[in-house]
Amino acid sequence: MSRIFNFSAGPATLPEAVLKQVQEDLLNWKGAGMGVMEMSHRDKEFMSIAQQAEKDLREVMGVPANYKVLFMQGGATAQFGIVPQNLLRGKTAADFVLTGDWGKKAIKEITKYGKGNVVATAEAEKFTHIPDVASWKLDPNAAYVHITTNETIHGVQFRDIPETNGVPLVADISSDFACRPMDLSKFGLVYGGAQKNIGPAGLTIVIVRDDLIGNVLPGTFGIHDYKQVADNESMLNTPATFSWYVCGLVFQWMKSEGGLAKIGERNERKAKALYDYIDSQDFYKNPVAKKDRSIMNVPFTLANPDVNDAEFLKGAKAAGLSGLKGHRAVGGMRASIYNAMPEAGVAALIDYMKEFARSKA
Ligand SMILES: *Cc1c(COP(=O)(O)O)cnc(C)c1O
């Protein structure tokens, strides 16, 4: 069977070159006589894989030297609680710019330790745009300001990094991790699960400025204390070794693709092709303000209520296009077009959308 185009929001499609390398290494990694899944995380083979992955990630994303890269578990969901445990640092509240459902979940978790103040939101408009920075009511005494750079469900994404006047900026970057160049020095901390844009599920990557760590709330588990994780090179306990290795291959693939500048350009082209098509006709709609549209997740609905989503999805599947069902919170369809989705996949989707619209005319 040939591979299909997988538009799933996550876990999501991976570069074919990476999967082939995994296949080649599976039984016997570089003559070690065993696969990576079977290696001790303390062995020098795995240590070299882990260190190389971090080196490549630092290079690809331009991580400044005074930032730690932590390889954790529990997904972004665990970080919703771990971030306040580490970053409240004697303060009682953080500011949140709420741009969708993932941000809501993050706020829910901070309330166990402090207060999450919503300083701006477009919830009343169903999260179809990002509130203008000038309208944000930031508290200069907040422990940090939290944003979700890309709200996966609603398809809204920050294009510019907001200025927070010295208050550390924290971002959930799960669904736009390394999708284009990003100035990490503007952030105190970013975090995200690997399974959208970086690799398989199981690994959560945290990039944090080193002056922010080492002052956790009492009662915080050691495994959730960024300082302890950093001091132990993310090996306080057994890390997600296989995911870590596959992510390492993805970082190498990113380098071979010309780095984030080139990958970002390709992502912009993919998104533009899809939005241009959606905007050129009346059969499909996307509700998001043009300036805030995500280049990673493109939700769309069928304008005619008599035409059924299930029929669209069934035909898509038959055409080799999977994972297009929208999130239950917004309905309709969603095309996730992460780094590993080739331009040919987006072209095939647009062809199918045209064909389906024609068949219903
Ligand atoms: C998927 C996603 C999450 C949840 O990630 P888990 O790894 O399942 O915990 C959180 N935030 C954003 C923006 C996401 O896209």
Side-chain angles (χ1 to χ4, degrees), residues 6-14 70-85 87 94 96-110 112 116 118 121-123 127-128 130 144-159 161-162 169-180 182 187 189-207 223-224 234 239-240 242-244 246-247 250 267 271 288 292-299 323-330 334-341:
N6 172 16
F7 294 91
S8 163
T13 192
L14 285 166
L70 311 178
F71 295 85
M72 299 178 71
Q73 297 185 59
T77 303
Q79 295 300 323
F80 294 161
I82 298 170
V83 168
Q85 286 180 317
L87 291 205
F96 284 74
V97 180
L98 176 60
T99 55
D101 287 3
W102 288 116
K104 272 193 179 173
K105 293 192 176 167
I107 293 170
K108 189 163 168 238
E109 291 301 307
I110 193 181
K112 288 162 190 164
V118 177
T121 184
E123 185 168 15
F127 299 121
T128 48
I130 290 181
Y144 55 91
V145 180
H146 184 283
I147 62 172
T148 309
T149 46
N150 184 63
E151 278 282 359
T152 323
I153 295 171
H154 308 278
V156 291
Q157 184 178 24
F158 281 82
R159 185 152 280 277
I161 303 168
L169 180 62
V170 171
D172 175 359
I173 63 167
S174 293
S175 55
D176 61 352
F177 211 117
C179 80
R180 58 185 168 207
M182 180 182 206
F187 295 87
L189 182 152
V190 298
Y191 64 92
Q195 72 275 17
K196 311 277 165 71
N197 220 6
I198 297 292
L203 193 70
T204 316
I205 298 181
V206 177
I207 305 175
I223 197 76
H224 292 169
S234 304
F242 193 73
S243 295
W244 193 331
V246 180
C247 288
V250 172
N267 285 335
V288 179
D292 300 325
R293 281 173 166 177
S294 168
I295 64 168
M296 294 279 97
N297 310 95
V298 182
L324 287 162
K325 191 173 177 3
H327 190 278
R328 60 194 180 281
V330 294
R334 169 176 53 176
S336 297
I337 49 176
Y338 298 124
N339 291 354
M341 172 59 64

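Only this structure's heavy atoms are used, side chains among them; waters, hydrogens and symmetry mates stay out. Note that ligands are numbered from 1 as they come in the structure, with each ligand's atoms numbered from 1 the same way.
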Do Gly193 and ligand 1 have an N or O pair less than 3.5 Å apart?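 It does not: no N or O of Gly193 is found under 3.5 Å from an N or O of ligand 1.
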
Any donor-acceptor pair under 3.5 Å from [X] side chain to [Y] backbone:
X: Ser175; Y: Asn150; value: yes
X: Glu151; Y: Trp102; value: yes
X: Arg334; Y: Thr152; value: yes
X: Ser8; Y: Leu324; value: no
X: Asp292; Y: Val156; value: no

Show me which atoms of ligand 1 lie under 4.0 Å from any heavy atom of [X].
X: Phe80; result: 10 (C)
X: Thr152; result: 12 (C), 13 (C), 14 (C), 15 (O)
X: Thr148; result: 13 (C)
X: Gly75; result: 7 (O), 9 (O)

Between His154 and Asp101, is any side-chain donor less than 3.5 angstrom from a side-chain acceptor? yes

Regarding Asn267 and Tyr338, do their side chains bring together a donor and an acceptor under 3.5 Å, going by distance alone? no

Give me the ring orientation class for Phe80 and Tyr191: parallel if the planes are under 30° apart, tilted from 30 to 60°, perpendicular past 60°.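 Perpendicular.
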
Identify the heavy atoms of Ser234 and Pro239 that sit nearest to each other, and give their distance. O-CB, 3.8 Å

Please write down residue, atom name and distance for the protein heavy atom closest to atom 11 (N) of ligand 1. Asp172 OD2, 2.6 Å

How far is atom 5 (O) of ligand 1 from its nearest protein heavy atom, and which residue and atom name does that atom have? Ala76 CB, 3.8 Å

Residue-ligand contact Asn150/ligand 1, heavy atom below 4.0 Å: yes

4.0 Å heavy-atom contact, Gln195 with ligand 1: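 Contact present.
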
Applying a 4.0 Å heavy-atom criterion (strictly less than), which segment of [X] is in contact with ligand 1: side chain, backbone, both, or neither?
X: Lys196; result: side chain
X: Tyr191; result: neither
X: Glu151; result: neither
X: Ser174; result: side chain
X: Thr77; result: both

